[in-house]
Amino acid sequence: MSFVRVRYAPSPTGAPHIGNLRTALFNWLWARHNDGKFILRVEDTDQAREVDNGLELIMESLRFLGMNWDEGPDIGGAYGPYHQSERLAIYKKYADELIEKGAAYYCYCTPDELKQMRQEQEARGEPTRYDRRCRWLTPEQRAEREAKGLPRVVRLAVPLEGSTTLPDFIHGDITIPNADVDDQVLMKSDGFPTYHMAVVVDDHLMEITHVMRGDEWISSFPKHILLYNAFGWTPPQFGHMPVVLGPDKKKLSKRHGATSITQFRDEGYLVEALVNFMALLGWAYDGERELFSRDELIQAFTLDHIHSSPAVFDRAKLDWMNGYYIRGLETGDLAERLLPFLTRAGIEADLETVKKIAPLVQERLKRLDEIAPLVDFIFQQEIEYDPKLLLGNKMNAAESLNALRNAGEVLDNFPSFDDEHALEQELRAASEKLGLKPAQFFGILRVAVTGKTVTPPLVGTMKVMGKGKVMERVERALRELEKMARAGSVV
RNA sequence: GCCGCGUUCGUCUAGUGGACCAGGACGCAGCCCUCUCAAGGCUGAGACCACGGGUUCGAACCCCGUACGCGGCACCA
């Protein structure tokens with residue numbers, strides 16, 4: 001089996017979103033599946049669009065998702081440097097080679113001229129393309145321009161006839177007439193390469209075997225293949241992956257809310273879920289199985305199951321999957337992951353307590369950030385609630401009061417709440433004796449103790465809270481009910 | 001405008017000429033379980049495979065056209 005070298009080559013223009021990282025993930029999975037290398041390369045050839053901490057944001061995202069790279073700008077490697085901005089001399093050398101071969105030429109057209117040319121083409125309803133006026137310059141004309149020291153760019157001399165077929169393992173072969181391909185700028189006048197020049201040179205020099213990138217590149221794909229041809233190089237295998245769409249079927253963007261992976265992390269999504277979910281965005285195993293651990297993904301991932309059609313990002317399914325992974329966590333692990341979310345919500349919780357709470361909430365959470373509203377009452381000194389909630393289902397104040405008194409007595413008879421099981425038995429017995437449904441009886445006690453109608457299992461929760469705090473709250477609820485009962489009897 | 005890519009339940013998808021009156025998952029509805037909420041179990045609704053023509057004994061799968069969606073058309077990546 002031949003060695004696999006793949007790369008993720010972002011430009012540092014901001015935090016990568018799910019779409020970008022999905023592309024990175026597929027490359028990473030393919031590298032790991034084949035025991036190959038995953039390379040991080042920075043495409044920083046456009047100084048204008050660059051963001052200060054762009055690279056840092058990218059590396060943070062990759063690290064969070066557990067996609068480690070074998071070569072990259074921070075760790076180096078045998079094929080460096082990994083910043084394109086540090087490879088300028090290399091691109092220059094290869095551009096010169098192309099010029100010598102006659103596969104590229106210097107163009108002296110100014111941006112204004114080009115703009116005007118395009119406007120005229122548009123007015124005539126023609127496709128907008130460079131008209132190649134500099135391609136046909138005589139040696140004398142060329143020398144004249146050089147003597148003037150005019151700024152120049154290097155353009156690819158695209159064959160005038162014939163066609164180019166683009167091998168793509170996702171879409172299948174695509175064939176394009178060369179007449180439709182523009183004489184692409186390879187080197188800008190500032191000495192920087194364009195993306196097209198840089199990717200081809202770097203992918204070749206770095207011995208990249210497979211290029212998986214976004215669909216938006218397919219229209220410039222011919223230029224890349226033509227470049228490989230011009231150099232006489234064998235191109236790597238290409239696969240253009242479909243874009244990821246938002247719920248409105250538009251390309252995923254800031255408008256769709258959390259787009260950077262770190263935002264998902266802050267909302268309480270687990271890496272495990274995120275990785276699994278992203279893998280399914282444009283890839284499927286067999287249509288049946290969709291839950292995969294990282295190792296299982298590496299094992300199962302193959303190129304032939306990547307799709308060619310775009311996928312809509314479905315938040316509901318991510319939530320479900322996240323819940324699935326939360327349920328699968330060790331409770332100690334869950335507690336540790338939960339703690340920061342409690343702290344951030346202003347709740348002073350300690351790990352020990354959270355460890356006791358974890359099993360109670362584990363199967364109720366879809367996201368870690370749901371923890372605070374679920375258990376805040378445990379940590380609060382005073383709880384606020386509408387006393388009317390203390391009324392049991394289909395019960396009046398007097399009946400509810402009586403039920404809670406009974407519950408209070410049962411509770412008070414226990415020196416501590418450590419024996420959860422016994423506590424529950426006694427409470428049930430009391431409920432039955434009163435002829436109440438457990439739902440009614442526990443419902444009243446629930447509101448008394450927690451101030452909420454929806455909580456984790458009550459008895460287990462009371463055990464965590466401890467007798468003192470529970471009894472205080474029961475006392476207070478009793479007073480509320482007494483008040484209501486008196487008012488009721490007067491009326 | 002030109003060039004290209006795409007089109008199977010609301011969503012993600014299985015499917016590569018007969019095993020498909022199209023299977024799974026999320027979501028949705030109902031039931032069971034149940035101290036609330038979840039989780040879990042079961043059941044159900046939901047796709048004339050974008051549309052129209054071919055090819056074939058036979059098409060979701062092959063060919064052609066149309067519609068719609070998306071992408072590109074930069075000295076951006």
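Protein chains get the first letters and strands the later ones, always in sequence-line order, with residue 1 at the start of each.
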Inset, instruction - Grab the NE2-C1' distance between A/His240 and B/G72 for me, whole Å please. - result: 12 Å

Legend entry - Identified pairing partner of B/G1, criterion: Watson-Crick or G-U wobble below 3.5 Å: B/C73

Legend entry - Length of the line joining A/Arg315:CZ and B/U11:P, which is rounded to integer Å: 18 Å

Inset, instruction - Applying salt bridge (charged side-chain N to carboxylate O under 4.0 Å, His left out), name anything that partners A/Glu272, two or more places apart in sequence or on another chain. - result: A/Arg337

Legend entry - Residues that A/Asn393 engages under side-chain hydrogen bond (donor to acceptor under 3.5 Å, both in side chains), provided they are two or more places apart: none

Inset, instruction - List for me each residue that meets salt bridge (charged side-chain N to carboxylate O under 4.0 Å, His left out) alongside A/Glu409, sequence neighbours excluded, and say none if there are none. - result: none

Inset, instruction - From the options B/U13, B/C75, B/A38, select the nucleotide whose nearest atom is closest to the side chain of A/Arg118. - result: B/C75

Legend entry - Base versus backbone protein contacts along nucleotides 62-71 of chain B [heavy-atom cut-off under 4.0 Å; B, S, -]: --------SS

Legend entry - Nucleic acid contacts of residues 187-206 of chain A, taken as heavy-atom distances under 4.0 Å to RNA chain B: A/Lys188, A/Ser189, A/Pro193, A/Thr194, A/Tyr195

Legend entry - Distance in angstrom units between A/Ile174 CD1 and B/G4 P, rounded: 10 Å

Inset, instruction - Once you apply the 3.5 Å cut-off to both distances, tell me the Watson-Crick or G-U wobble partner of B/G6, or none. - result: B/C68

Inset, instruction - Send over the distance from A/Tyr108 OH to B/C75 P, rounded to a whole Å. - result: 17 Å

Inset, instruction - Using atom NE2 of A/His307 as one end and atom P of B/A60 as the other, report the distance to the nearest whole Å. - result: 20 Å

Inset, instruction - Please report, rounded to the nearest Å, how far the P atom of B/G4 is from the CZ atom of A/Phe221. - result: 15 Å

Legend entry - A/Gln121 CD to B/A74 C1', straight-line distance once rounded to whole Å: 13 Å

Legend entry - Residues forming a salt bridge (charged side-chain N to carboxylate O under 4.0 Å, His left out) with A/Glu420, sequence neighbours excluded: A/Lys463

Inset, instruction - Heavy atoms under 4.0 Å is the rule here; annotate nucleotides 24-34 of chain B 5' to 3' with B where the base is hit, S where only the sugar-phosphate is, and - elsewhere. - result: BBSS-------

Inset, instruction - Just say parallel, tilted or perpendicular for the rings of A/Phe169 and A/His210, cut-offs at 30° and 60°. - result: perpendicular

Legend entry - A/Phe441: partners by ring-ring contact (aromatic ring centres under 6.0 Å, His included), with sequence neighbours left out: none

Could you list the protein-to-nucleotides 18-21 of chain B atom pairs, N/O on both sides, closer than 3.5 Å?
none

Inset, instruction - Identify, with sequence neighbours excluded, every residue that meets salt bridge (charged side-chain N to carboxylate O under 4.0 Å, His left out) alongside A/Arg327. - result: none

Legend entry - Distance-only polar pair, side chains of A/Tyr325 and A/Asn276, donor-acceptor under 3.5 Å: yes

Inset, instruction - Find out whether the Lys NZ or Arg CZ of A/Arg315 is both under 6.0 angstrom from the six-membered ring centre of A/Phe313 and within 45° of the ring's axis. - result: no

Legend entry - A/Tyr195: partners by ring-ring contact (aromatic ring centres under 6.0 Å, His included), with sequence neighbours left out: A/Trp217, A/His224

Legend entry - Among B/A77, B/U36, B/C75, the one nearest A/Arg155 by side-chain distance: B/C75

Inset, instruction - Evaluate the side-chain proximity of A/Asp215 to A/His171: yes if any heavy-atom separation is below 4.5 Å, no if none is. - result: yes

Inset, instruction - Starting from P on B/A77, measure out to CD on A/Gln84 and report it in whole angstrom. - result: 9 Å

Legend entry - side-chain hydrogen bond (donor to acceptor under 3.5 Å, both in side chains) partners for A/Lys317, two or more places apart: A/Glu290

Inset, instruction - Starting at CE of A/Met212, measure out to CG of A/Leu25 and round the result to the nearest 0.5 Å. - result: 10.0 Å

